[in-house]
Amino acid sequence: MASKIKRQLASLPTLAKAALLLLTLLLLLAAILLPIFLIPRHRREQPLPPATPPRDNCSTRANAGAVAFDFSPFLVKYRSGCVHRMDGTERVPAGVDAATGVTSKDVLIDHATGLSARMYLPSGEGKKKGDLPVLVFYHGGAFVIMSPFEPKYHAYLNALVARAGVVAVSVDYRLAPEHPLPAAYDDSWAALNWVAKNARAGPEPWLRDRGNLSRLHLAGDSAGANIVHNLAMRAGNGSTLDGGAAIRGILLLDPYFWGKRPVGAETTDPATRRQYEVTWSFVCAGRYGIDDPRIDPLATPPAELRRLACSRVAVTVSGLDDFEARGKAYAAALSGSGWDGEIVQYETAGERHVYFLDAPASPKSAKELAFAAGYLSRE
């Protein structure tokens, strides 16, 4: 049989032999490549943006030298310049959340500064394109720890996005002391402008195709709530968002506000008050005093406070929180300034600062989550 095939091949013209050889080679190449395209390939996880700043830039604390500033339980800065963070350094990847069906992904906003964010999109395709409220969220952590990639914040955003039905952008602003204030404020403003631009014209598809920029909300807890207030003030004092976008509402969760003189039932203990003043000076590298409007909105003249650039404000406070009294005083001052928007207050008795992050399954946390989601999703 083989000899017969050889005789038949020998009798073929040279051109035909070349064509047959080429066909054989093509079939062999197809046999090699076809499995590559047919075998399912696992989707690679999107890599996390680089940590900003490094989780712990002390290679060995034994050689770090004397302590320059002890901000326990958050971090310790050594005289060598290295910073050891005690909390908020764990990171979880983006993806599809099994409990809520919310999908998340990481985006880089500014290559120069490393500004990045984690985005969230609720499950379901029942809604029309461009109908989801847009939420820009700023995490807490005293301006020195945490990130959107930290497990507690990732879980909270998944739950909030699922409940509220919003497309969310959780911002990874730079942290002190490596980047003292106003770095966090500037990063947060840049991220907000990025959101406004992309929701209006892209290219980011979740914002361009699913977000409704006329329903733009800002939210944050603790230091993140402080950022949110300051961004709304910045927008009201002449800084314009991309395309003339307007902030509809802000949600301040246990806001980090303080001041020189006690208000309401705020502690009068000198050591406690001094400690808050010292740590504020640490995060801003001494640029702003404790009576600066950035940390104490009550120091803002009423004529300026009424420029707060949104139509709705919600403030939540916790009964055992050192910042409770000033959060309530903030809402009262805003109302008394002549600002003509809507103010909503929500109080949780018997709980400490941002308790809902540490105990998300508790009945009180579930109730506060329902309040926050209802506020953000309201027409």
Side-chain angles (χ1 to χ4, degrees), residues 100-102 119-139 153 155-171 192 195-196 198-200 206-221 224-225 227-229 231-233 235-236 241 243-255 306-318 327-328 330-332 334-335 337 339-348 354 356-357 360 363-379:
T100 63
V102 170
M119 298 186 64
Y120 296 83
L121 188 69
S123 64
E125 297 297 332
K127 293 179 178 289
K128 297 180 295 183
K129 292 182 71 173
D131 64 343
L132 297 179
V134 176
L135 169 65
V136 187
F137 187 87
Y138 301 94
H139 67 82
Y153 278 104
Y156 181 77
L157 264 294
N158 276 320
L160 182 60
V161 167
R163 188 72 180 262
V166 299
V167 55
V169 179
S170 184
V171 179
L192 178 55
V195 169
N198 280 274
R200 182 173 54 85
W206 287 7
L207 290 169
R208 181 193 63 212
D209 300 336
R210 302 301 304 277
N212 182 348
L213 194 56
S214 69
R215 301 173 70 188
L216 173 63
H217 290 82
L218 313 185
D221 72 292
I227 289 173
V228 167
H229 163 75
L231 294 183
M233 289 302 303
L241 286 173
I247 303 165
R248 173 179 286 193
I250 62 175
L251 171 61
L252 311 181
L253 304 166
D254 288 359
R306 72 172 67 110
R307 297 179 196 150
L308 190 78
C310 60
S311 59
R312 293 195 293 142
V313 172
V315 182
T316 76
V317 295
S318 300
K328 290 180 177 179
Y330 167 81
L334 184 60
S335 177
S337 72
W339 181 75
D340 59 0
E342 172 193 356
I343 304 173
V344 181
Q345 295 185 67
Y346 182 94
E347 182 174 0
T348 303
V354 296
F356 48 85
L357 291 175
K364 289 181 180 179
S365 296
K367 188 176 179 182
E368 181 158 340
L369 178 69
F371 166 78
Y375 175 78
L376 296 172
S377 61
R378 202 182 83 194
E379 292 287 348

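A 4.5 Å side-chain heavy-atom check between L135 and L251 finds every atom pair outside the cut-off. The shortest side-chain heavy-atom distance between V166 and Y120 does not fall under the 4.5 Å cut-off. Using a 4.5 Å heavy-atom cutoff, the side chains of V134 and L216 are in contact. Residues V171 and L192 are not in side-chain contact: their nearest non-hydrogen atoms beyond the backbone lie 4.5 Å or more apart. Between V161 and T100 there is no side-chain heavy-atom pair separated by less than 4.5 Å. Using a 4.5 Å cut-off on side-chain heavy atoms (C-beta onward), W206 and V169 make no contact. For the pair Y153/F137, a side-chain contact is recorded, criterion being any heavy-atom separation below 4.5 Å from C-beta on. Under the 4.5 Å side-chain criterion, counting only non-hydrogen atoms from C-beta, V195 is in contact with L207.
Scanning all heavy atoms of the two residues, the minimum distance from G165 to P133 falls at O-CD, 3.4 Å. The two atoms that bring L160 and A372 nearest to each other are CD1-CB, 4.0 Å, heavy atoms only. In terms of heavy atoms, L157 sits closest to A168 at CD1-CB, 4.1 Å. Across all their heavy atoms, I247 and A235 have their closest contact at CD1-CB, 4.2 Å. Residues G211 and V167 approach most closely at CA-CG1, 3.9 Å, considering heavy atoms. When every heavy atom of P255 is checked against every heavy atom of G327, the shortest pair comes out as CG-CA, 4.3 Å.
The side chain to side chain donor-acceptor pair (under 3.5 Å) test applied to S337 returns no partner, not counting sequence neighbours. Qualifying salt bridge (Lys or Arg N to Asp or Glu O under 4.0 Å) partners for R215, counting only residues two or more places apart in sequence or in other chains: E379. By the side chain to side chain donor-acceptor pair (under 3.5 Å) test, R312 pairs with H217, sequence neighbours left out. The side chain to side chain contact (heavy atoms under 4.5 Å, CB included) search around A232 returns I250, L308, not counting sequence neighbours. When the salt bridge (Lys or Arg N to Asp or Glu O under 4.0 Å) test is applied to R200, the partners found at least two apart in sequence or on another chain are D242. Looking at residues two or more places apart in sequence or on another chain, you find a side chain to side chain donor-acceptor pair (under 3.5 Å) between Y330 and H229. Listed by chain and residue number, nothing satisfies the side chain to side chain donor-acceptor pair (under 3.5 Å) test with Q345 (two or more places apart in sequence, or in another chain).
With rounding to the nearest 0.5 Å, the separation of CG in L252 from OG1 in T316 is 8.0 Å. Separation of atoms CZ (R306) and OG (S335) is listed at 12.0 Å; rounding is to 0.5 Å. With values rounded to the nearest 0.5 angstrom, R210 atom CZ is found 11.5 Å from M119 atom CE. Note that CD1 of I227 and CG of D221 are 10.0 Å apart. Values are rounded to the nearest 0.5 Å.
The main-chain N or O of T348 is never found under 3.5 Å from a side-chain atom of S318 such that the two would form a donor-acceptor pair. Between the side chain of S311 and the main chain of R248, a donor-acceptor pair closer than 3.5 Å is present.
Screening residues 366-376 for salt bridge (charged side-chain N to carboxylate O under 4.0 Å, His left out), with sequence neighbours left out, gives no hits. Pairs passing the side chain to side chain donor-acceptor pair (under 3.5 Å) check and including a residue from residues 156-169, sequence neighbours excluded, read H154-N158.
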